[in-house]
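One structure below.
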Amino acid sequence: MRQVGRHAGGVLRAALIWGMGIQVLLGLAWLIKNMGGMQNFQESSLLLSGKGAAYDFYSGILYRAMAALLASYPWVLYGIQLAAALASAYWLLSCFFYREKKALLVLGALGLITIPQAMQCHLAVLPWSLGTSLLLGETALWRRARNLRESCGAAQDGRMRGHNFAHGMKEESACKSADEEKQQAASRRVVGKTAALMLLGWGLLLLILPVYAWFVLPMLWGILRQAGKTGRKAGRRFCVLTAGALLLCCVTVNCGWNPAHWNRRLAADALSRTGWPQFQYIYEGFPPELHDGIGLVTAREVSAYADGVDRVLIPVLEEKYGAGETTALLWDLAGICLRDNLRADVKNIIWDLAAYHATPPILSMQLKGRAYDSYSGINYEHMRSRAPLLTRYYVAYGGRWWWMMLALAAGARLFRARPWGLSGGKGPDCGGGKVCAVEGRSRGAGAWRLGAWKLLQCWLPILAGAEWMILCFTLGGSGIMDYKKTLWVTILWYVAALCVSAGEEGSGKWQL
């Protein structure tokens, strides 16, 4: 039965590879059709004209300079973005599988960059592609730091596995070294280099996509904490100061130091979140002074566009009431809209959270008109401008493949979950009968708890950053769900599926 389980797991992993191969072929075909063109995003036009700094499109100074420099040669920028995406995806997957398996790593990296939403960003003059590549690089560095810390324990567990039942509790010291002091010094150097590289990547994020620098902070805090534990007292003090400096730098670049500006931004986001798209109907119940000051035409325009608060309403309020009073009016209007539109607001927030967490299936629903309004339709129209039929099949396959990929990965993992076959037997006969089975179950439960704790320690900073990203963009306004912004979260689903289907993290067990 054990051989049957292995064979079934191998078949499921083969299906996963073939399914990913189809996505890669569709993605490469779409790349060839679109490499020489440019998607007509408004943000892209502003970046190419050098006006991006005047608008809140999150783009950093370095990316604006690259876009202006390569305005006549956008395909060069596409090549840079594709190369960065491929390198970061390959590097991340190499943290989980043997580097000797070059073909698997290349196929996996191609699978990550040919996700439809990812490929659209790679071939667009927008900072989301390079920003996501840097996030993937930071994720790989964090994972390598955790691999270094867990290497001794993993080696010991690997030597103990398979010997406990047949030979009793044989403890092997797998991490002893002739010179432990030198080993610790080498470990400190590696952790220090990893922290330095992560800080460098974080600095590049500030120059390319400043808002993404927020979401790396949990991983940076983790690596600085790890570096502080391996260092002396002065090193720990330096790590604490560095963490504080990172936070202050993020606040400076993304928010500035004007509390009035923070209050205005929060008020505008609150009104956008609670007022759209029912603003023109709630407008009828406004106090007479605000009702006459805003006007029906402005109220309709605010309801017609998801960014209507920033683009239409705020200029009108500033002209009539002044900049100082506008912020207070925005808060008042947000309160009125929340009171009258609470049920719809809760529904929209749930939809936004779902769409950002699982973009491919929700996108398929949106394109069929079964979900809710967002930027997805505009994105899709830009994506299909040069290859409408190919884009239709490409995006449709991406939505269906997301479900199939997770099902195949779960099935492959399920067949590996019972080490003694499909029937869940007692384990190898060691002459003890019931005693051996009980011992195996107890040690299995302990190993499961230990593995779950290690998994939580490794992935908690990554998940914290991903949830922070989703919450940030969800609260930024209703109706502006834009899957380009959370591409990192989408890619992490595919990475998780590959890791789960392969069995244990880092095992590289992909023999088919």
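Residues take their numbers from the sequence shown, with the count starting at 1.
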Heavy-atom pair with the smallest gap, counting every atom of Pro210 and Val253: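 The pair with the smallest heavy-atom distance is CB-CG1, 3.7 Å.
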Heavy-atom closest pair, residues Ala89 and Leu112: CB-CD1, 3.7 Å
Short side-chain donor-acceptor distance under 3.5 Å, Ser94 and Arg143: no
Between Thr490 and Gln117: side-chain donor-acceptor atoms closer than 3.5 Å: no
Mind checking whether [X] and [Y] have side chains closer than 4.5 Å, heavy atoms only?
| X | Y | answer |
| --- | --- | --- |
| Glu467 | His357 | yes |
| Trp128 | Leu487 | no |
| Leu136 | Trp488 | yes |
| Tyr483 | Tyr375 | no |
| Trp202 | Cys249 | yes |
| Tyr212 | Glu138 | no |
| Leu135 | Leu209 | no |

Worked verdict on Leu475 versus Asp269 for side chain to side chain contact (heavy atoms under 4.5 Å, CB included): CA-CA 7 Å; Leu475 297 181; Asp269 289 344; over 6 Å; no
Could you tell me whether a side-chain N or O of [X] sits under 3.5 Å from a main-chain N or O of [Y], the two making a donor and an acceptor?
| X | Y | result |
| --- | --- | --- |
| Asp352 | Met481 | no |
| Asn34 | Trp30 | yes |
| Tyr63 | Leu126 | yes |
| Thr194 | Leu141 | no |
| Tyr356 | Asp482 | yes |
| Gln39 | Gln120 | yes |
| Arg386 | Lys33 | yes |
| Ser385 | Glu381 | no |
| Ser88 | Gly137 | no |
| Arg64 | Ser59 | yes |

Evaluation steps, side chain to side chain contact (heavy atoms under 4.5 Å, CB included), between Asn348 and Arg273: CA-CA 9 Å; Asn348 288 337; Arg273 178 75 264 179; 3.4 Å; yes
Side chain to side chain contact (heavy atoms under 4.5 Å, CB included) assessment of Leu86 paired with Leu82: CA-CA 6 Å; Leu86 185 62; Leu82 284 168; over 6 Å; no
Heavy-atom neighbours of Arg400 CZ exceed 12 at 6.0 Å: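 No, not enclosed.
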Pairwise distance CG(Leu28) to CE(Met119) - rounded to 0.5 angstrom: 6.0 Å
